[in-house]
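Computed over heavy atoms, backbone and side chain alike; hydrogens, waters and symmetry mates excluded. We name chains A, B, ... by the order of the sequence lines, and we start the count at 1 in each one. What you are looking at is a predicted structure, and each value in this text was computed from that prediction instead of being measured.
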Number of protein chains: 2
Amino acid sequence: MPNFDTVNRRLLAELQRNARQTNRELARIIGTAESTCLERVRLLHADGIITGHHTEVDLPAIGRPVQAIIGVRLSPKTRAAVDEFRSLALSLPETLAAFHTAGGDDFLVHVAVPGTGALDSLVLDRLAAHRAVAELRTTLVYEHLRRRPVEPLL
Amino acid sequence: MPNFDTVNRRLLAELQRNARQTNRELARIIGTAESTCLERVRLLHADGIITGHHTEVDLPAIGRPVQAIIGVRLSPKTRAAVDEFRSLALSLPETLAAFHTAGGDDFLVHVAVPGTGALDSLVLDRLAAHRAVAELRTTLVYEHLRRRPVEPLL
DNA sequence: ACTGAAAACAACTAAGG
DNA sequence: CCTTAGTTGTTTTCAGT
């Protein structure tokens, strides 16, 4: 069972801030020996706490300054329809993330596109075209804010 | 202005898959000399294409298996109300991300909590307690799927 | 852009406290 | 968990092609 003591909490926080620090720097910041730091990080990996390290790219800088959240209701709400729509959503290069949800909407799809024209054609030509899509609601995103670090609760 | 040739596209894709590869591995995968690879990555950083490297943690493994999206309508929709709510949302340790949106909802708040009890008290005691919050709609998330790599469009 | 080589730095291992 | 020391491997820079 994982151990969320102060050292591990600070390691997780630091690695979320910057995943490419050397073990030396990490150990210095956390205040442990390098050997201890290395072992802790390996253990966090082995325990499945750390699942990966990912480079973040600036969306406007890669030509995708416009973001939207698209709420989708399916009909019928069968497993086949859900599985098909999930595949569709994840196959689109415009998609950043998709949420399969309980409630009013069956999916929320978070997309980033070059402009409002691309958004319009994405929604109408690619999403609305799917046979199980009963209703679409597109919401423009002014700001996408992340809270980091993600911390263990309790 | 950035150059999204094949080499840079593959670098961005590989680094999003695994941000902790050695420059050696990266160069081997991409098929360039190490010196070229190193220079390209540095340039992507300098050009603001790469904004950081972040470790990802497993939410269930850190005691936060339940996710929800909370739609929030504010009243009045003044700048002060928006600024206050943004601060509130980002101050909560349960928050993963917040979207400031145009349309029906003013904010969508993505949270991860230990259980449904924690979700209920988060919504009622922390969010609904804010004076500018006019309406809240909580949607449970069954699946949170990410599309990676995020690619330049066009 | 690639190659090769040298210097600096970091990772990793292992033994002992 | 820390320290030390030794080995290996990587990064980084700088020639030259």
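Atom P of nucleotide dC1(D) and atom CD of Glu34(A) are separated by 15 Å, given to the nearest angstrom. Distance CG (Leu38(A)) to P (dC2(D)): 13 Å, rounded to an integer number of Å. Atom CG in Asn23(B) sits roughly 11 Å away from atom P in dT10(D) (whole-Å rounding). Summarising the geometry, the separation between CD on Gln21(B) and C1' on dG9(D) is reported as 17 Å, rounded to the nearest angstrom. Counting to the nearest Å, the P atom of dT11(D) and the CZ atom of Arg24(B) are 7 Å from each other. Spacing between atom CG of Asn3(A) and atom P of dC1(D) amounts to 8 Å, rounded to whole angstrom units. In this entry the distance linking CD of Glu39(A) with C1' of dC2(D) reads 12 Å, nearest Å.
Contact check on Arg86(B) versus Asp106(B) returns no salt bridge, with no Lys/Arg side-chain nitrogen under 4.0 Å from an Asp/Glu carboxylate oxygen. Using a 4.0 Å cut-off between charged nitrogen and carboxylate oxygen, Arg148(B) and Glu56(B) count as a salt-bridge pair. Salt bridge annotation for Asp5(A)-Arg40(A): present, with a cationic side-chain nitrogen under 4.0 angstrom from a carboxylate oxygen. Between Arg9(B) and Glu14(B) there is no salt bridge, since none of the side-chain N atoms of the basic residue sits less than 4.0 Å from a carboxylate O of the acidic one.
Annotation: His110(A) is in aromatic contact with His144(A) [ring centroid separation under 6.0 Å]. The distance between the ring centers of Phe107(B) and Phe85(B) falls below 6.0 angstrom.
Between dC12(C) and dT12(D), the distance separating the two P atoms is 16 Å to the nearest Å.
The closest side-chain heavy-atom distance from Arg64(A) to Leu96(A) is below 4.5 Å. The shortest side-chain heavy-atom distance between Lys77(A) and Val82(A) does not fall under the 4.5 Å cut-off. Side chains of Arg137(B) and Thr139(B) form a contact here, defined as non-hydrogen atoms less than 4.5 Å apart.
Think of the region where chain B sits on DNA chain C: with heavy atoms and a 4.0 Å cut, that region ends 5' and 3' at dA1(C) to dT3(C).
Residues Gly31(A) and Thr22(B) both approach DNA chain D. Their nearest nucleotides, taken by heavy-atom distance, put Gly31(A) toward the 5′ side.
Checking the phosphate oxygens (OP1, OP2) of dT13(D), a side-chain nitrogen or oxygen of Arg42(B) falls inside 4.0 Å.
Within the 4.0 angstrom heavy-atom criterion, base atoms lie near Ser35(A).
The strand DNA chain C forms stems, runs of 3 or more Watson-Crick or G-U wobble pairs with distances below 3.5 Å, at C:1-6 with D:12-17, C:8-17 with D:1-10.
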